[in-house]
Amino acid sequence: MNAVAPVSGGAVGTRRRVALVGRANAGKTSLLMHLTGRLQRPVNFPGTSVECVEGDVAAGGCTLCLVDLPGIGSLEAHSRDEQEALRYLRDPDRGVALLCAVVDASKLVVELRLLAELRRLGLPIVVALSKVDVAAAEGFPVDVDRLRSALGLPLLVVNGATGEGVEALRQRLAGDLPPVEPLAVAGGGPAAPAVAARSVRRSRTDRLDALLLHPLAGPVCLALVLLAMFQLVFVVADPFMGWIEAAQEWASGAIAAAVPDGTLRSFLVDGIVNGVGSALVFVPQIALLFAFVTVVEASGYMARAVFLLDRLLRKVGLSGKSFVPLASSFACAIPAIVASRILDDERDRLATIAVAPLMSCSARLPVYVVLLAAFFPPHQAGLLLFLLYLLGVLAAAVTALVLRRTVLRGGVSMLAMELPVYERPRLRVVGAHTWHAVRSFLRTAGSVILVAAVVVWALGYFPRPVAIHEQYEALRAGVPATVAGDEERQRLDAREAAAYLEQSWLASLGHAVQPVFAPAGFDWRTTVGVLAAFPARELIVPTLGTLHSLGEVEASTDAPDARLTEALRSAKGPDGRPVMNGLVALALMAFFALCSQCAGTLAAIRRETHSWRWPVFTFVYMTALAWAVAVAIYQIGSWLGYAPQ
Amino acid sequence: MPSSQSEIPVPTAAPTPVTLIEALAGGATVHEVVAVQGDDPLARRLQTAGVWPGARLELLARAPFGDPLLFRVHGFRLALRRSEAQRVLVVAGGAGS
């Protein structure tokens, strides 16, 4: 049996590298999960595992080193994923000993073509036949015994959803290597078992599609799904975010109690804890969003959304598949940029990556909330918030259109996409996806946001002239030790912090840059806030808090700090006129809606495009666009007589 | 390479092949593929997706404004844009099933 094979199966202590290969959506990743008994790195829509994923498992005395490769459609690579997979299979250094061809029984005819091609690789093959139940439900039952004898390969039926048959497959993969034979049956011969008359008239998927792809009901259902997503991100995530904020406060308090006042404490509290907190606070939204996206995807609905929206998105130069990353971007652009790998055309993908950060992400919300609460009555605030989201969407549409007509002209945009059958999402798969998204966010964004927060802290903390400290020490010494005196001392502490910040490097930078933002109506303090927000936009809230002598102010998505809104309303410039009003707030919010203020996003773009060109381009165009729109709002508003006076 | 490289000779007895879009305009929903025009990534993509000579495409649904279109082919569902369907040459076939 193993005459051709270099390694005989079952030898104790040996390692055998087994590659799981098959078309996208064939169920490779869930199969790997069952084979290894662990949650592995999950699939990406529409079923491609975007990186080679490995998992070791002991079977029959030897160790199987299982590799889940991205889906392939043929031995000619069309997409980046396919190139990766084929390079892996053909690389002798990888030492692939055995192929486990995952064959989707519900698409048997096309699967068998691929299998015929795989045999040309000259590697032993074990076939794992999945989705036999789906094929039967769709009215095309498969005669497994006939298929097995037609193929002349070891063939095992598995169920990727329940794990049925996986143990037998594991034993077979660890067993004797099947001989490598040239294609025994030529051409379309093995396809015969699948070519049977359809046994059901309308499957469950047909009935659901009649509603969900209906010309009128379909779009309505899609709108409801999107609404549910926003509810989840903004309402359900809120208490969790509150807990993280509370934990951050507790950590700051604990450090303040343990570390004496000074540079170290400020570094730990305002630099480290603040930086870690700014990254962690988005984890609930990202986790919920990805759980939701995974449910929508695993149920089979995501492909329907792509189908319904393809024409609309193509009008602005994107593709229906851009919908997946763009929708994710309302929570956070970082996982969205990774999700744009589903776009097979490189120009579609780059255009999607470049415009995804324009969707108003959750980090913009605390900024909007503070400014809206400070300058607008509640009934206007809701409408304005909607318009700010719309501004991002419109800017994305225009930008995508311009990009596709200029630097990203041409390319062969393709849909040609399979719509899978509807299935009940599996908790394990949803959990794996969500955990993966959170981990990748923390890895990409967490470190960058932390570093950036420390840099901003240092710029705002140094230099520390002793004169300021002595001046306020003297003032504090004159305050009596009463309750009223304690309040006075707190006020002095806050003013001291503001005095330090006003002569810090960050403030010098703010004063230097302020002329650039003067046409948008920003004073130097707002400018400093804008500069501090470049690594992570929500940092403007604590920065403005310090600048307005308020001491600690937390960024919050629901209850803006009342002291900050009051301070913003009453802040006066050197000429005694108020520095902020509704118009300035509007210009500032538009700036935040459009500006690229997120180091994590730029890092993700760098990683996904393998060049500095796109992060630099994205940063420049978004910042320029944000500035231009903010200036336009302020100038037109001033001309209409709305400038602060 | 000539653009007609992947087309196969049409048996003289068969009706003249037309594009899938033209065939759908005639009202019938089931059509048999005779060829995919062109030799570019899109043509290859259609081939690997199962759109090859002999495959039968059954129209299942149209997205709003009639684009893209959803077909059943080899027992599964495949969404094609009109521009993609334009590449597919078919003869009307098997209307009875």
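So that the names make sense, note that chain A is the first sequence line, chain B the second, and so on, each numbered from 1.
The most heavy-atom pairs under 4.5 Å with chain A, out of B:G50, B:G75, B:P64, come from B:G75. Of the listed residues (A:P420, A:A416, A:A210, A:P215), the one with the most heavy-atom contacts under 4.5 Å to chain B is A:A416. Here B:A63 is the residue among B:A63, B:A85, B:S83, B:A55 with the most heavy-atom pairs under 4.5 Å with chain A.
Contact of the A:V110 side chain with the B:T48 side chain is not registered, since no non-hydrogen atoms from C-beta on lie closer than 4.5 Å. Contact annotation: the side chain of A:R314 approaches that of B:D67 to within less than 4.5 Å [non-hydrogen atoms, C-beta and beyond]. Annotation: side chain of B:E84 is in contact with side chain of A:L415 (closest heavy-atom distance under 4.5 Å). Contact check for B:P41 versus A:M414: side-chain heavy atoms found under the 4.5 Å cut-off. With contacts defined as side-chain heavy-atom distances shorter than 4.5 Å, the pair B:F76/A:E138 does not qualify.
Only the side chain of A:D209 comes within contact range of chain B, judged by heavy atoms closer than 4.5 Å. Interface remark: B:L46 contributes side-chain atoms only to the contact with chain A (heavy atom separation under 4.5 Å). Interface remark: B:R82 contributes no atoms to any contact with chain A (heavy atom separation under 4.5 Å). Of the atoms belonging to B:L69, it is backbone heavy atoms, and not side-chain ones, that fall under 4.5 Å from chain A.
For the salt bridge (Lys or Arg N to Asp or Glu O under 4.0 Å) test, no residue two or more places apart in sequence or in another chain qualifies with A:D133. Taking the side chain to side chain donor-acceptor pair (under 3.5 Å) definition, one finds that A:Y301 meets it with nothing, sequence neighbours left out.
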message: With side chain to side chain contact (heavy atoms under 4.5 Å, CB included) as the criterion, how do A:L419 and B:L78 come out once you've worked through the C-alpha distance, each side chain's angles and the decisive distance to 0.1 Å?
response: CA-CA 6 Å; A:L419 301 200; B:L78 185 69; over 6 Å; no

- request: Evaluate side chain to side chain contact (heavy atoms under 4.5 Å, CB included) for A:D206 paired with B:R77, printing each intermediate quantity in order.
  value: CA-CA 10 Å; A:D206 288 328; B:R77 294 168 185 78; 2.8 Å; yes

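From B:R62, atom CZ reaches atom NE2 of A:H214 across 13.5 Å, with rounding to the nearest 0.5 Å. With values rounded to the nearest 0.5 angstrom, A:S319 atom OG is found 4.5 Å from B:R81 atom CZ.
Of all heavy-atom pairs between A:R23 and B:A49, the closest is NH2-CA, 4.2 Å. Scanning both residues, A:F307 and B:A61, for their nearest heavy atoms gives CZ-O, 4.1 Å.
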